[in-house]
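Since the structure comes first, as structure tokens, the remarks are kept for the end.
Start at 1 and go down the list; that is how both ligands and their atoms are numbered.
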Amino acid sequence: MKNHMEFSGRWVLVTGASSGLGEEMARQLARQRANLILVARRGARLNTIKSELEQAHGIQCHVIPADLSSPADVDRVHAEAIARADVYAVILNAGVTHFGPHLDLDWAGFQNMLATNVTSVVRLVNLFCPYLIRQNQSGGLLLVSSMAGLLPVPYQAAYAGTKAFITNFSQSLSQELIGENLSITVFSPGGIDTAMTQGSKLRHFENTVFLQDVKSCAADGLAALRARKPLFVPGRLNRTQLFATRFAPRSLVASIARSAYRRVLDKA
Ligand SMILES: NC(=O)c1ccc[n+]([C@@H]2O[C@H](COP(=O)([O-])OP(=O)(O)OC[C@H]3O[C@@H](n4cnc5c(N)ncnc54)[C@H](OP(=O)(O)O)[C@@H]3O)[C@@H](O)[C@H]2O)c1
């Protein structure tokens, strides 16, 4: 397998490309002259981004409006993508959270989170891995997880569970795929300054050191994919925090996180 991925002139599929981290990764890939397949529910927003990026960078974009909580839409994304382009890399970034007491999350909300954050990701991995292996171009997948997949996060309990699944799934699968012409990277940011944090009670972290700016986070994610890292946590502060948690009992880590998030919820 080639050591590093090169995106110029290649087709990269990005889910959740209509805002936040996914949109920013799409913008940075366009600057690197990658062609893009943009996936999210807001088709009109994706078409605006497509026009802007095609004009600015002379690349090609396809838009696939899709609700990834629907299994039929997930399968359609794969079918349409490979019918329209020679896909080289897949960034599975779309995701939703619930910040607040777990018992306030209704069942439909939980099912939507599980379908979007977990089921759609596994399904797309199952569909794209054999395809990328057949293509034999040393392609790669980036699964966007979170620090919440590495640590307990009270008040984002279900979200932390979905991201723990993605982190373990990806790290396990990347070992199974050693020897194949394909890499899989799991990317685990801490808080990022995006709509996910701005539009919720999490915005009370805004302008604090806890939120990484979306541009640097997207650049870190793409660098990890390019370098085929099995797992990457961006930001020195996040990595230091993670390192420190190795020396403390997990119950203490959970209790410190509980106090920090409780304070944020109380401010909201
Ligand atoms: N923000 C943070 O602090 C943070 C930290 C660590 C990890 N992350 C992860 O980073 C990823 C991107 O989040 P973000 O911060 O950029 O949030 P965001 O700005 O809210 O973006 C979420 C993206 O996911 C798409 N999406 C949500 N539900 C979807 C569905 N059912 N079908 C298709 N697309 C769907 C949204 O598009 P539509 O609404 O148009 O469908 C949007 O493009 C997520 O996986 C998140 O868990 C975020």
Q. With under 30° as parallel and over 60° as perpendicular, where do the rings of H78 and F128 fit, or are they tilted in between?
A.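 Aromatic pair H78/F128 classed perpendicular.
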
Tell me whether the rings of H62 and W11 are parallel (<30°), tilted (30 to 60°) or perpendicular (>60°).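 Ring orientation of H62 relative to W11: parallel.
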
Decide whether an N or O pair under 3.5 Å exists between G22 and ligand 1.
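G22 vs ligand 1: no N/O contact under 3.5 Å.
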
Note to self: Is there a polar contact between ligand 1 and L211, counting only N or O atoms under 3.5 Å apart?
What the structure shows: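 Such a contact does not occur with ligand 1.
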
Less than 4.5 Å apart, any side-chain heavy atom of [X] and any of [Y]?
| X | Y | value |
| --- | --- | --- |
| Q28 | K215 | yes |
| S19 | R42 | yes |
| S138 | R228 | yes |
| E52 | I49 | no |

inquiry  = Quick check on E23 - does any of its heavy atoms sit under 4.0 Å from an atom of ligand 1?
reply    =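 No heavy atom of E23 comes that close to ligand 1.
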
Check your understanding: Below 4.0 Å from any atom of ligand 1, is there a heavy atom belonging to S70?
Key ->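 Flag not set, S70 not near ligand 1.
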
Taking heavy atoms and a distance under 4.0 Å, where does [X] meet ligand 1: side chain, backbone, both or neither?
| X | result |
| --- | --- |
| A115 | neither |
| V96 | side chain |
| T116 | side chain |
| T194 | side chain |

Out of all atoms in ligand 1, which are within 4.0 Å of some heavy atom of [X]? Include the element for each.
| X | value |
| --- | --- |
| G95 | 22 (C), 24 (O), 27 (C), 44 (C), 45 (O) |
| L21 | 10 (O), 16 (O) |
| D67 | 30 (C), 31 (N), 32 (N) |
| S146 | 6 (C), 7 (C) |
| T197 | 3 (O) |
| V144 | 9 (C), 10 (O), 11 (C) |

ask   = Is R84 salt-bridged to E80, going by a charged N under 4.0 Å from an acidic O?
value =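 Answer for the salt bridge query: yes.
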
Look at D266 together with R263 and state whether they make a salt bridge at an N to O cut-off of under 4.0 Å.
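Between R263 and D266 there is no salt bridge, as every charged N stays at least 4.0 Å from the carboxylate O atoms.
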
**Message:** Which option wins on minimum heavy-atom distance to atom 26 (N) of ligand 1: S188, A94, A66?
**Reply:**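 Looking at heavy atoms only, A94 sits closest to atom 26 (N) of ligand 1.
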
Would the Y261 and F99 ring centres measure less than 6.0 Å apart?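 Centroid distance Y261-F99: below 6.0 Å, so yes.
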
